[in-house]
Amino acid sequence: MDTSLRTLFSHLEDEEVTFFADLILPIPVPRLFTYRVPRGMAEILKIGARVIVPFGKNNGRVLTAVVARLHNSPPTGYQARYISEVLDEYPLVTSYQLELFRWMSEYYMCCIGDVMNVALPSGLKISSQSKVQFNPDFDYPELLTPVEEMLLTELKKHPALSYEELGRLVGEGGNVPAVIKSLVGKKAVIVFEEVKEKYVPKMVRKIRLHRNYEEKEQLLVLLQRLEKLPKQQEVVMRYLRHVPVQITPSLNQKGLDKSILNQDDELSQSSLTTLIKNQVFETFEVIQPRFADNLVPQAEIRLTDAQRQAAQDIMAQFERQNIVLFHGITGSGKTEIYIDLIQQALAGGTQVLYLLPEIALTTQIVVRLQRVFGDKMGIYHSKFSDNERVEVWKGVVSGQYQFVVGVRSAVFLPFDNLGLIIVDEEHETSYKQHDPAPRYHARDVAMMLAHWQQAKVLLGSATPSLESYYQAQQGRYGLVELFQRFGDATLPDIMLVNTQQEKKQKTMKNEFSSALLDELETNLERKEQSILFQNRRGYSPYMQCEDCDWTAECPNCAVSLTYHQRDAELRCHYCGHKEAVPRVCPVCGSTKVRTIGYGTEKLEDQLQIIFPQARILRMDLDTTRAKNAYQQIIQEFEGGQVDMLVGTQMITKGLDFDNVSLVGIFDADRLIHFPDFRATERAFQMLTQVSGRAGRRAGRKGKVLIQTTNPQQTILQKIIENDYRGLYEEEIQERQNFNYPPFSRLIKLTIRHTDKAISLQAAERLAAELTDALGESRVLGPEEPLVERIRNQFLFDILIKIEREKMNVKAVKAYIQDRINDILTDKGLRQVSIVADVDCL
DNA sequence: AGCACGCCGACT
DNA sequence: GTCGGCGTGCTC
C-alpha cells in the first residue's frame with residue numbers, strides 16, 4: 001500500500017500546501033508530536049517510516065520518531081518544527097504494529113512512546129549513524145555498476161564505513177543511499193545502525209587461493225610446480241575438493257575455513273603455512289553469520305500415538321476455535337507436537353511465532369527447534385545484542401524468518417501474515433512485564449495480534465492459569481488434554497516430609513530432613529542427579545541480634561537485608577544496596593549477631609559439608625548474572641559432571657534432564673501461605689513444575705520430596721495426586737466468591753512519593769474519588785504493599801476490580817486516567833508518581 | 001525521559 | 001562575590 005503524502009492528498013491541486021506529520025516520540029509523554037514535512041520530503045515520507053527530529057529547547061536533542069499520521073492541518077498555538085531526516089524509504093513499522101501500539105497504550109494505560117520504546121530494538125532507535133560493511137557471504141557473480149564495484153572494493157578494506165565516509169569516496173553528485181540500497185538488494189553489503197554498544201562481528205579466519213591462481217591455466221601450472229612437494233600439493237588438492245575453483249573461479253572469493261584443511265594431521269598444518277608464506281594461499285577474515293546453520297538437520301519428527309492424537313485434536317479444535325488451550329502434563333512431549341503444528345502452519349504459507357518465557361528460551365528447546373527449522377527460524381532473545389535483534393527484525397520483513405522463537409517482546413516483530421502463535425508455559429508470570437511501562441502481558445497481546453491477522457493461538461501448559469482454563473471451560477477456548485508422559489516415562493512419586501515431626505525427633509540436620517538426606521545419599525551412590533529447590537537466593541534473609549532482636553534493614557527500603565556469604569556482605573534485593581556485615585550489634589553491642597533463615601547459598605554450603613565428595617552447583621540470580629553462566633551451568637549439569645543442583649524458581653522452567661531422579665523442595669509452606677489471592681495457584685504451578693523435572697525418561701521413576709510443617713494441607717494432596725482439576729474447581733469458587741479474576745479485571749494503581757504523608761494524601765483522595773464513582777466493592781485500599789518503602793519512596797496501592805460483563809472497561813480506564821491527571825495537576829500533589837498496572841498479577 | 005531554568009548553601 | 005545542589009515544568 002502506498003501511503004505517501006502525494007497519494008493521500010492527490011485531490012489537493014495546490015502545490016503550496018504544507019504537510020504535517022504526527023509522530024510517535026520515544027518519550028513518556030501521552031501525546032503525539034506534530035512536525036512540518038519539508039518540501040522535498042513529502043514525496044517519500046510514509047506512515048510507519050522513521051524520521052529524525054530536533055526536540056527540546058534550543059534544538060538540544062535529536063530523536064528517532066515514527067510517523068503515525070500524515071495530514072495538512074497546521075497545529076494551533078505553536079509553530080511546528082521541521083523533520084530533519086527520513087530514515088526509511090519504506091515503512092519500518094507496519095500498519096499492524098501501529099495499530100498494536102495504539103491499542104496497547106490505551107489498554108495498558110501508558111504512553112505510546114513507551115510502547116515504541118520496547119517495541120523497537122534500540123538499534124533502530126538511537127540517533128543512528130548507519131554503517132555499512134561488506135557481506136562475506138556475497139556470491140560474487142552479480143551484476144555490479146562501476147560505482148558499486150568501487151564502493152565494494154573500499155568496503156572490503158575496512159571493517160565498516162559510515163554513509164558519510166562513503167559519500168566522500170563517491171564524491172559530489174553520487175547518490176550514496178541509492179547505491180547502498182542497491183547493494184543491500186544484491187546482498188553484497190550489510191547495513192547496521194551504529195549504537196553506543198559497539199558492533200563486534202564474530203570473525204572467522206578463512207583461506208583462499210591467491211588471485212594469481214584463480215584461472216585454470218595458472219592453477220595447472222601451480223599444481224605442476226608442486227609435483228615435487230606432495231604434501232603441499234595434497235593441501236591444494238584438498239582445498240580444490242571443497243572449493244572447485246577450476247570449475248567456478250569466483251567461488252574462490254568465499255574461501256574455506258582454515259580448520260577444514262588441517263583437520264586431521266599436523267603435517268598439513270606446516271605445509272599450509274608454507275603455502276601461505278609463498279603466497280599460494282592468502283588468509284582473510286570474515287564475519288561469522290550469526291545463526292550458522294551448521295547443525296545437523298534432524299530427521300523427521302516421529303510422534304507417538306498419543307502425541308499424534310493430541311496434534312490432530314488441536315487441529316480439529318482450530319476448525320471452530322481461534323484459541324486452544326493445550327493442557328499436557330510435564331514431560332508429555334509438547335515440543336514435538338508444537339513442531340508438527342509449526343510445520344503445518346509454515347506449509348500453509350503463514351508466519352509462526354513461538355513464545356517462551358525468558359528463562360526457558362536459553363535451554364535445549366532452541367537447539368531442538370534449530371535442528372528442524374535451521375536458518376529459517378529467527379531467535380529473539382533479550383540476551384542477544386541489539387544487532388542480532390535488528391537482524392531478526394529485518395529477517396521477518398524480508399521473509400527470511402517465517403518462524404520466530406522469542407520472548408515476550410517478540411510480539412512486536414513486524415509480522416504481517418501470522419497463521420499460528422504458540423504461547424508455551426502459558427501460565428508463566430514472566431510474560432507480564434512488570435517494571436517499566438508498558439506493563440503488558442505477552443500472552444494477551446499475542447491473542448490480540450492473532451485476532452487482527454486471523455491467526456490461531458495455542459496456549460500450552462502443564463499447569464494452565466486459572467484464567468485460561470476458565471475460558472476453556474466456558475467454551476470460549478478449545479481444550480486438548482494429554483495426561484500421558486512421553487515414551488514409557490511416568491510421573492514421579494511425590495512424598496511429603498513432616499519437618500515439624502523430624503524436628504521433635506531431632507532428626508533434622510539443619511534444613512535437611514533425614515528422609516531427604518537418605519534419598520540424596522542413595523541417589524549419589526547410584527550416580528543419579530538431584531535437584532533441590534528453594535525459592536530464595538542469598539545465604540540467609542535475616543541478620544538478627546540474639547540479645548536485643550535488632551534486625552539488619554535496608555536504609556532505603558522497608559525490607560530486611562539478605563546476607564550473602566560469598567561476598568561477605570548484606571544486600572537489599574529491592575534496591576541493590578550493599579553494606580558490610582556488622583561484627584557487633586549496632587544497637588546493644590552484643591556479639592551474638594546471627595543469620596536467620598536460609599537461601600540457596602546456605603543450602604549449597606551445608607550440602608557440601610554433608611556430602612564432601614558430591615559435586616554441587618547453584619543456579620540463581622547471583623550465579624547466572626554473567627553472560628553465558630546460565631548455559632554453562634545447564635551444560636555442566638547435563639554433561640553429568642554434577643551430582644546436585646540447588647536453585648531458585650529458575651530451575652523450574654522447561655529444563656529437560658535425562659538423569660534427574662530426585663527433586664527436593666524446601667519451605668513449600670512459604671509458597672503456599674504467601675499473602676496473595678493467587679498464592680495457591682502459584683504454589684501448585686511451581687511445585688508441579690519443579691516435580692516435573694524428575695524422572696523424565698523411561699526406566700527411572702522419579703521421586704519428589706516436599707518438606708513441610710503441615711502435610712495435611714489440601715493443596716499438597718492435590719499436588720501429590722497431580723489433581724489440577726480439583727485445584728481448579730476449588731480455586732475458581734474462591735475467585736467467584738471474592739470477585740477476582742477471571743470474573744473481574746484488576747487494575748492496580750501504585751502511588752509513590754518520598755514524603756509518606758503526601759503519598760497517603762494523594763492515594764486517599766484518588767481512592768475516595770474512585771469509590772464514589774465505581775462503588776465500594778470495586779475499590780480496595782489504599783493500603784501499604786508488603787514492602788511499603790522502596791528506594792526511599794513510600795508506596796500505597798489501590799486495587800480496582802472491574803467485572804467483565806457489567807462494566808465498560810474502556811470508560812472506567814478513561815475515568816481513572818482523568819482522576820490521576822487531576823491529582824497530578826494539583827499544586828500540592830503534583831510530584832507524586834502514580835502508575836497503573838492493568839491486569840496486574 | 002532529559003534538559004533548562006531557577007532559587008538557596010559552601011567555596012576560590 | 002560564584003559554582004552547583006536538585007525541585008519544577010516543558011517538550012511539537
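Lettering of chains follows the sequences in order, A, B, ..., and the numbering in each one begins at 1.
The side chain of A/Q831 contributes an N or O atom lying less than 4.0 Å from OP1 or OP2 of C/dT8.
Proximity of A/L621 to A/M650: side-chain heavy atoms (C-beta onward) are separated by under 4.5 Å at one or more points.
By the 30° and 60° cut-offs, the orientation of the rings of A/F20 relative to A/H71 is parallel.
In summary, the aromatic rings of A/Y401 and A/Y380 are positioned with their centroids too far apart to meet the 6.0 Å limit.
In this structure, A/L25 places its CG atom 13 Å from P of B/dG2, rounding to the nearest Å. Rounded to whole Å, atom C1' of C/dT8 lies 15 Å from atom CG of A/L829.
With sequence neighbours excluded, no residue forms a side chain to side chain donor-acceptor pair (under 3.5 Å) with A/D772.
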All N/O donor-acceptor pairs, side-chain side in residues 793-801 of chain A, below 3.5 Å, sequence neighbours left out:
unit_1	atom_1	unit_2	atom_2	d
A/Q793	OE1	A/R752	NE	3.2
A/D797	OD1	A/T750	OG1	3.1
A/K801	NZ	A/F738	O	2.8

Atom pairs under 3.5 Å: protein N/O with N/O of nucleotides 9-11 of chain C:
unit_1	atom_1	unit_2	atom_2	d
C/dG9	OP1	A/R830	NH1	3.0
C/dG9	OP2	A/R830	NH1	2.4

